[in-house]
Trainee: 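Please find one structure pasted underneath; my questions will follow.
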Amino acid sequence: MTDLDQLKADLLAAIDAATGVDALEAVRVQALGKQGSVTGLLKTLGGMSPEERQETGPRIHGLREAVTEAIAARKAALEGAALEAKLASETLDMTLPVDGVPTGTVHPISQVMDELAEIFADMGFAVATGPEIEDDWHNFTALNIPETHPARAMHDTFYLAGEHERPMVLRTHTSPVQIRTMTSTPPPIRIIAPGRVYRSDSDATHTPMFHQIEGLVIDKGITLGHLKWTLETFLKAYFERDDIVLRLRPSYFPFTEPSAEVDVGFTWINGKRVIGGSGDAEGGGWMEVLGSGMVHRRVIEACGLDPDEWQGFAFGTGVDRLAMLKYGMDDLRAFFDGDLRWLKHYGFSALDVPTLSGGVGA
């Protein structure tokens, strides 16, 4: 017993005297390694009688535990002291000039969002926002989307589990922002609603989360001609071309009547599709870029307005898709991969500030 007490005292003293992690490791090997003194004592337990093992065993195990705990505590203290010393020696003079120009870039989605906001701001539109977790009424019912409409199906919509007063979803479009604006702001109304939306889809041109921008105008005497002029002005400013030609095709959306898909003309130049010119010209074609229409009477009524007094138009498009068309990306999934090479290639300088008159090409 005296030998065990002496060994314990010697080992604890050696642990306390260790001035570095390497010296401490040497003590650990001396005590607990394969040929260590404590390990050797543990090996003797097998040759003892039951009485001896009952008397000596707890003392040996206690020695091992005491040494193990002392080593862990000393190691933590040494590492903490080393960290403090390192922090004290590694200082940075913030008054010195930077070594180089920052290399960060603005993500194409952020850039296009800014472009769209600037363009519509110049046309008198305000930016409106809303929650990304929406209730069934704002996301569907108020927009004249019936219970049996395919858009409500589970394969398109992310429904939230749990008990709620109304079914809750990740919004499938930014149209609920239009509803919230019409129910809280007296007309006339002229807003855009950019933001993230969610649908259960994923491939080269679709992702479960993507970005959308919608526009809404509510006023007296609004016609389809106002809608066409607004979209034409917007697309000319965005693509920075005066030869933008639009084609409106009859379509169906529950929340607009009449509804129209908006195509933009393009031409092929050196094997690349370039927006601009008539799609009916030789070598040209048409590409769908927007959905639009006159706000349905039922939607206006659902928001507490008189459809005989107030009319309006609405439109919507994917921000990611607009970025792909203008800047030549071919895979939507790359927008969200976080590849620094892609970001460096397609990213924008913070000084690329867009305006309606100057565009963003300067």
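By convention here, the first residue in the shown sequence is residue 1. As the structure is a computational prediction, the values presented were derived from the model and not from experiment. No hydrogens, no waters, no symmetry mates; every other heavy atom, side chains included, goes into these values.
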Trainee: So do the side chains of Trp137 and Ile179 get within less than 4.5 Å of each other, counting heavy atoms only?
Mentor: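 Side chain of Trp137 against side chain of Ile179, heavy atoms only: contact under 4.5 Å found.
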Trainee: For Phe210, what are the other residues in its hydrophobic cluster, where any two members join if their side-chain heavy atoms are less than 4.5 angstrom apart?
Mentor: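 The other cluster members (ILVMFWY side chains, heavy atoms under 4.5 Å, direct or chained) are Val197.
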Trainee: Same cluster or not: Phe266 versus Ile244, using hydrophobic residues (I, L, V, M, F, W, Y) connected whenever any side-chain heavy atoms lie under 4.5 Å apart?
Mentor: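 The answer is yes; both residues are in one hydrophobic cluster.
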Trainee: Taking only residues two or more places apart in sequence or in another chain, which ones pass side-chain hydrogen bond (donor to acceptor under 3.5 Å, both in side chains) with Arg190?
Mentor: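 side-chain hydrogen bond (donor to acceptor under 3.5 Å, both in side chains) list for Arg190, sorted by chain: empty.
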Trainee: Just wondering, do His173 and Phe255 contact through their side chains at under 4.5 Å, heavy atoms?
Mentor: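 A side-chain contact under 4.5 Å exists here.
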Trainee: State, with a plain yes or no, whether a side-chain heavy atom of Phe140 is found less than 4.5 Å away from one of Pro167.
Mentor: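 No. Closest side-chain heavy atoms not under 4.5 Å.
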Trainee: Between Ser259 (side chain only) and Phe253 (backbone N and O only), is there a donor and an acceptor less than 3.5 Å apart?
Mentor: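 Checked: pair present.
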Trainee: When you check the gap from the basic side-chain N to the acidic O, do Glu25 and Arg28 get nearer than 4.0 Å?
Mentor: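 Salt bridge flag = yes for Arg28 with Glu25.
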Trainee: Would the number of heavy atoms belonging to other residues, nucleotides or ligands and lying under 6.0 Å from NZ of Lys236 be above 12?
Mentor: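 Yes, enclosed.
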Trainee: Just wondering, do Phe335 and Ile109 contact through their side chains at under 4.5 Å, heavy atoms?
Mentor: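 SC-SC contact between Ile109 and Phe335 confirmed.
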Trainee: State yes or no: are the ring centers of Phe234 and Phe125 separated by less than 6.0 Å?
Mentor: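 Distance test on ring centres: not under 6.0 Å, no.
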Trainee: Would you check if the side chain of Thr181 reaches a backbone N or O of Val177 as a donor-acceptor pair within less than 3.5 Å?
Mentor: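 It does hold such a pair.
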Trainee: For the side chain to side chain donor-acceptor pair (under 3.5 Å) test, which of Asp306, Asn144, Asp308 pairs with Arg297?
Mentor: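 The single option meeting the side chain to side chain donor-acceptor pair (under 3.5 Å) with Arg297 is Asp308.
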Trainee: Give, for atom CD of Gln311 and atom CG of Asp219, the distance between the pair rounded to the nearest 0.5 Å.
Mentor: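 Rounded to the nearest 0.5 Å, the CD-CG separation comes out at 8.5 Å.
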Trainee: Is there a side-chain contact between Pro108 and Phe348 (heavy atoms, below 4.5 Å)?
Mentor: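 Sidechains of Phe348 and Pro108: in contact.
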Trainee: Heavy-atom count check: over 12 atoms from other residues, nucleotides or ligands less than 6.0 Å from Ile133 CD1?
Mentor: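 Atom CD1 in Ile133 is not packed in, count stays at 12 or less.
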Trainee: Can you tell me if Gln212 uses its side chain to pair, donor with acceptor, with the backbone of Thr174 under 3.5 Å?
Mentor: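 Yes, because the side chain of Gln212 sits within donor-acceptor range (under 3.5 Å) of the backbone of Thr174.
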Trainee: Within a reach of under 6.0 Å around CZ of Arg196, are more than 12 heavy atoms found that belong to other residues, nucleotides or ligands?
Mentor: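 No, CZ of Arg196 has 12 or fewer neighbouring heavy atoms, counting only those of other groups under 6.0 Å.
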Trainee: Below 4.5 Å, heavy atoms only, C-beta onward: do Val217 and Thr230 meet side chain to side chain?
Mentor: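 The answer is no; the side chains never approach within 4.5 Å.
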Trainee: For the backbone of Ile275 and the side chain of Arg241, can you confirm whether one donor and one acceptor N or O come within less than 3.5 Å of each other?
Mentor: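 Between the backbone of Ile275 and the side chain of Arg241 there is a qualifying donor-acceptor contact (under 3.5 Å).
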Trainee: Side chains of Leu41 and Leu4: closer than 4.5 Å at any heavy-atom pair?
Mentor: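 Of all side-chain heavy-atom pairs linking Leu4 with Leu41, at least one is under 4.5 Å.
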Trainee: Looking at Arg298 and Glu257, does any basic side-chain N land under 4.0 Å from a carboxylate oxygen?
Mentor: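 So Arg298 does not pair with Glu257 through a salt bridge.
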Trainee: Is a side-chain N or O of Arg171 found less than 3.5 angstrom from the main chain of Pro176, in a donor-acceptor match?
Mentor: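 The answer is no, because no donor-acceptor pair under 3.5 Å joins these two groups.
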Trainee: With a 3.5 Å distance limit and no angle check, can you tell me whether Arg53 reaches the backbone of Met48 through a side-chain donor-acceptor pair?
Mentor: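 Judged by distance alone, yes, a pair lies under 3.5 Å.
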Trainee: Given side chains that start at C-beta, do those of Val112 and Lys326 come closer than 4.5 Å, heavy atoms only?
Mentor: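 They are not in side-chain contact.
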Trainee: Is it the case that the side chain of Arg166 and the backbone of Asp136 share a donor-acceptor pair, with hydrogens and angles ignored and the cut-off at 3.5 Å?
Mentor: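 Here the side-chain-to-backbone pair does not exist.
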Trainee: Grouping I, L, V, M, F, W and Y whenever their side-chain heavy atoms are under 4.5 Å apart, do Ile269 and Leu325 come out in a common cluster?
Mentor: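 No, no single cluster joins them.
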Trainee: Could you go through residues 220-229 and list every donor-acceptor pair under 3.5 Å that involves a side-chain atom there, pairing it with any protein atom two or more places apart or in another chain?
Mentor:
unit_1 : atom_1 : unit_2 : atom_2 : d
Lys220 : NZ     : Glu309 : OE2    : 3.3
Thr223 : OG1    : Gly225 : N      : 3.3
Thr223 : OG1    : His226 : ND1    : 3.2
His226 : ND1    : Thr223 : N      : 2.9

